[in-house]
A.B. asks: 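Handing you a structure now.
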Amino acid sequence: MTQDEIVQDLAAFVRRKLPGFEVSGTTDVQKDVPFDSLDRMELLTMVEQRYGVAVTPEQYLDERLQILAHLAAFIATQSSPKRLRSVER
């Protein structure tokens, strides 16, 4: 799974929560998306379950991971290649 595919997966999560909402790699979940704190925690939980990458709330804010492309890059560097291949299936 490429970084672009991870961005698309994250964007799909946002669209499932907010049908019709415009989402791209530059979308800032903190500023652009009307998510509450529970929605953001659901996003981080999905990342951990799906990609095996734990993102603490501190990392999420400190490392600018609230921007979908940044979060996807973090996932791509932290997740094992084997785990990313299994997500593709």
Side-chain angles (χ1 to χ4, degrees):
M1 183 169 251
T2 68
Q3 185 174 328
D4 286 339
E5 291 169 323
I6 296 170
V7 168
Q8 292 306 313
D9 190 39
L10 297 171
F13 174 86
V14 173
R15 284 190 210 100
R16 279 192 300 276
K17 301 287 281 177
L18 301 166
F21 194 82
E22 292 293 321
V23 185
S24 71
T26 60
T27 298
D28 185 322
V29 176
Q30 192 77 19
K31 295 177 184 172
D32 302 331
V33 180
F35 271 3
D36 60 22
S37 59
L38 180 59
D39 292 324
R40 286 188 291 277
M41 289 309 297
E42 285 182 38
L43 174 63
L44 298 182
T45 299
M46 181 276 287
V47 167
E48 184 169 5
Q49 291 174 345
R50 187 168 180 111
Y51 298 104
V53 176
V55 180
T56 67
E58 293 79 21
Q59 285 175 309
Y60 176 73
L61 294 174
D62 292 347
E63 299 185 29
R64 303 270 308 134
L65 299 182
Q66 62 270 28
I67 297 172
L68 292 184
H70 295 183
L71 181 56
F74 182 81
I75 292 166
T77 61
Q78 299 296 310
S79 190
S80 71
K82 181 179 178 182
R83 181 76 180 226
L84 289 177
R85 281 192 304 274
S86 71
V87 171
E88 292 175 350
R89 294 184 184 144

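Just so you know, residue 1 is the first one in the sequence shown, and it goes up from there. Below, all heavy atoms of this structure are taken into account, side chains as well, without hydrogens, waters or symmetry copies.
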A.B. asks: Do any N or O atoms from the side chain of T45 and from the backbone of M41 form a donor-acceptor pair under 3.5 angstrom?
C.D. replies: yes
A.B. asks: Rounded at 0.5 Å granularity, tell me how far CG in L68 sits from CD1 in I6.
C.D. replies: 12.0 Å
A.B. asks: Considering all heavy atoms of both residues, which atom of D39 and which atom of D36 are nearest to each other, and what is their separation?
C.D. replies: N-OD1, 2.8 Å
A.B. asks: With heavy-atom distances below 4.5 Å as the criterion, would you say the side chains of L61 and Q30 are in contact?
C.D. replies: yes
A.B. asks: Between the main-chain N or O of D28 and the side-chain N or O of D32, is there a donor-acceptor pair closer than 3.5 Å?
C.D. replies: yes
A.B. asks: Rounded to the nearest 0.5 Å, how far does OH of Y51 lie from CD1 of I75?
C.D. replies: 5.5 Å
A.B. asks: Restricting to non-hydrogen atoms, name the atom on Q59 and the atom on F74 that form the minimum distance, rounded to 0.1 Å.
C.D. replies: NE2-CZ, 3.8 Å
A.B. asks: Going from OG1 on T27 to CD on Q66, what distance comes out if it is rounded to the nearest 0.5 angstrom?
C.D. replies: 12.0 Å
A.B. asks: Would V29 and V7 show up in the same hydrophobic cluster when neighbours are defined by side-chain heavy atoms closer than 4.5 Å?
C.D. replies: no
A.B. asks: Measure the CG-CG distance between L10 and L71 for me, rounded to the nearest 0.5 Å.
C.D. replies: 5.0 Å
A.B. asks: For the atom pair OG (S79) and CD (E48), what is the distance rounded to the nearest 0.5 Å?
C.D. replies: 11.5 Å
A.B. asks: Measuring from L65:CG to L43:CG, what's the distance to the nearest 0.5 Å?
C.D. replies: 10.5 Å
A.B. asks: With a 4.5 Å heavy-atom cut-off, do K17 and V14 have their side chains touching?
C.D. replies: no
A.B. asks: When hydrophobic residues are tied together by side-chain contacts of less than 4.5 Å, even through go-betweens, does L18 share a cluster with L44?
C.D. replies: yes
A.B. asks: Are V47 and F35 in one and the same hydrophobic cluster, where Ile, Leu, Val, Met, Phe, Trp and Tyr link if side-chain heavy atoms are under 4.5 Å apart?
C.D. replies: yes
A.B. asks: So with a 6.0 Å cut-off around CD of E42, is the heavy-atom count from everything else above 12?
C.D. replies: yes
